[in-house]
Amino acid sequence: MRRIIVAMSVSLDGFFEGPDGDLSWHRVDEELHQHFNDELRGMGAFLDGRRTYELMAGYWPTADRDPASSGPEKEFAAIWRDMPKIVYSRTLDHADWNTTVVREVVPEQVRALQEQPGGDLALGGAELAATFARHGLVDEWRLYVNPVVLGSGRPLFPPGMRLDLDLVAERRFGNGVVLLTYR
């Protein structure tokens, strides 16, 4: 059965997004980006919320044509374009780039998706991850902890959410980011 994996960058104080949607603090260098590519290349699909999809669709479809893009960025552009995507949105009418729009999270439909052949499913978007977690649908949390304290922003885990997790792996990158993998 395919696993649903949340992989998110967070600050030391638990924010995935800084004030006003700021993501400039993410320390994605070539080593970390190559790691992302290696992890995501084998996935079966990306499951995203609307905001995450729109953020990705605003850049990645043509990023490999930009001469300023690094090798890992060019590689990820192809991974993103070719990967099947499901966007959970009540407002989005249409999405391009091998994408299906689904109106709401229905646990039985998600479990049926997990039973299909193929690679694991990469879940993106904090609100969508919280919804999946409330339904018991997240199998693994990969938290890329950046050595930054933001003080405010949007927290990865909403107030009142409790998850009892087991640390199953850890990895340190040269830029100071630490990957903590929980199940």
Checklist outcome for this item: Sorted by chain and residue number, the side-chain contact (heavy atoms from CB on, under 4.5 Å) partners of T91 (sequence neighbours excluded) come out as R50, S89

Checklist entry - For the residue pair W60 and F76, does the interplanar ring angle fall in the parallel (under 30°), tilted (30 to 60°) or perpendicular (over 60°) class? => result perpendicular

Checklist entry - Given the rule that I, L, V, M, F, W and Y join up when any side-chain heavy atoms are under 4.5 Å apart, are L92 and L47 in one cluster? => result no

Checklist entry - With no hydrogens and no angle check, is any side-chain donor or acceptor of S11 less than 3.5 Å from a backbone partner on F15? => result yes

Item to check | D29/R27 ion pair, N-O < 4.0 Å | outcome: no

Checklist entry - What pair of heavy atoms forms the shortest contact from P155 to G153, and how long is it? => result CD-O, 3.6 Å

Checklist entry - Which residue pairs pass the salt bridge (Lys or Arg N to Asp or Glu O under 4.0 Å) test when at least one of the two sits in residues 116-130, sequence neighbours left out? => result R3-D120, R51-E127, E127-R154

Item to check | L143/L156 under side-chain contact (heavy atoms from CB on, under 4.5 Å): CA gap, chis, key distance, verdict | outcome: CA-CA 10 Å; L143 304 181; L156 176 57; 3.5 Å; yes

Next on the checklist: Is the shortest side-chain heavy-atom distance between L137 and V105 below 4.5 Å?
Outcome noted: yes

Checklist entry - Is there side-chain contact between L128 and L123, with at least one heavy-atom pair below 4.5 Å? => result yes

Checklist entry - In chain order, what residues pass the side-chain contact (heavy atoms from CB on, under 4.5 Å) check against E30, with sequence neighbours excluded? => result S70, P72

Checklist entry - Under the side-chain contact (heavy atoms from CB on, under 4.5 Å) criterion, do R142 and M8 qualify, and how do the steps go? => result CA-CA 6 Å; R142 296 180 185 170; M8 296 281 288; over 6 Å; no

Checklist entry - Okay, side chain of N175, backbone of V177: is any donor-acceptor separation there less than 3.5 Å? => result yes

Item to check | Rounded distance [0.5 Å steps], CH2 in W141 versus CD1 in I4 | outcome: 11.0 Å

Item to check | Value rounded to 0.5 Å, distance of CG in N98 from OG1 in T100 | outcome: 7.5 Å

Checklist entry - For residues 174-183, which residue pairs qualify under salt bridge (Lys or Arg N to Asp or Glu O under 4.0 Å), counting only residues two or more places apart or in two chains? => result E140-R183

Next on the checklist: Among residues at least two apart in sequence or on other chains, which ones pass side-chain contact (heavy atoms from CB on, under 4.5 Å) with T52?
Outcome noted: D48, M56

Checklist entry - Which pairs pass side chain to side chain donor-acceptor pair (under 3.5 Å) with one or both residues in residues 108-118, sequence neighbours excluded? => result Q114-D139

Checklist entry - Taking everything shown except R103 itself, do over 12 heavy atoms lie less than 6.0 Å from its CZ? => result yes

Item to check | Shortest non-hydrogen contact between G44 and L121, atoms and distance | outcome: C-CD2, 4.4 Å

Using a 3.5 Å cut-off and no angle test, enumerate the donor-acceptor pairs between side-chain atoms of residues 165-173 and protein atoms at least two apart in sequence or in another chain.
unit_1, atom_1, unit_2, atom_2, d
R171, NH1, H35, ND1, 3.2

Item to check | L180 vs V145 side-chain heavy atoms within contact, under 4.5 Å | outcome: yes

Next on the checklist: Run S9 and N146 through side-chain contact (heavy atoms from CB on, under 4.5 Å) and show every step you take.
Outcome noted: CA-CA 7 Å; S9 291; N146 286 246; 3.7 Å; yes

Item to check | Distance-minimising heavy-atom pair for S69 and A63 | outcome: OG-O, 2.7 Å

Checklist entry - With the 4.5 Å side-chain cut-off for hydrophobic clustering, are Y59 and I79 part of the same group? => result yes

Item to check | Shared-cluster residues of L23, by chain and number - hydrophobic side chains joined below 4.5 Å | outcome: L55

Next on the checklist: For a side-chain contact (heavy atoms from CB on, under 4.5 Å) check, start with the C-alpha distance between W25 and L150, then their side-chain angles and the critical distance, and finish with the verdict.
Outcome noted: CA-CA 9 Å; W25 54 272; L150 298 176; 3.5 Å; yes

Item to check | Residue pairs, two or more places apart or on separate chains, that pass ring pair (Phe, Tyr, Trp, His ring centres under 6.0 Å) and touch residues 109-138 | outcome: Y88-F132

Next on the checklist: Please enumerate all residues that pass side chain to side chain donor-acceptor pair (under 3.5 Å) together with D82, with sequence neighbours excluded.
Outcome noted: none

Checklist entry - Do I86 and M43 belong to the same hydrophobic cluster, where Ile, Leu, Val, Met, Phe, Trp and Tyr are linked whenever their side-chain heavy atoms lie under 4.5 Å apart, directly or via other members? => result no

Item to check | Residues which pass ring-ring contact (aromatic ring centres under 6.0 Å, His included) with F36, listed by chain and number, not counting sequence neighbours | outcome: Y144

Checklist entry - Who passes side-chain contact (heavy atoms from CB on, under 4.5 Å) against D96, sequence neighbours left out? => result Y53, H94

Checklist entry - Are any of the side-chain nitrogens in D66 or K74 under 4.0 Å away from the carboxylate oxygens of its partner? => result no

Next on the checklist: Hydrophobic cluster membership, with links at side-chain heavy-atom distances under 4.5 Å among I/L/V/M/F/W/Y: are M161 and Y182 in one?
Outcome noted: yes

Checklist entry - Taking the side chain as C-beta and beyond, is there a heavy-atom pair between F157 and F16 under 4.5 Å? => result no

Checklist entry - Quick one: are R81 and D64 in side-chain contact, heavy atoms under 4.5 Å? => result yes

Checklist entry - Given side chains that start at C-beta, do those of L113 and R2 come closer than 4.5 Å, heavy atoms only? => result yes

Checklist entry - Would you say V138 and F46 are hydrophobically clustered, going by side-chain heavy atoms of ILVMFWY under 4.5 Å? => result no

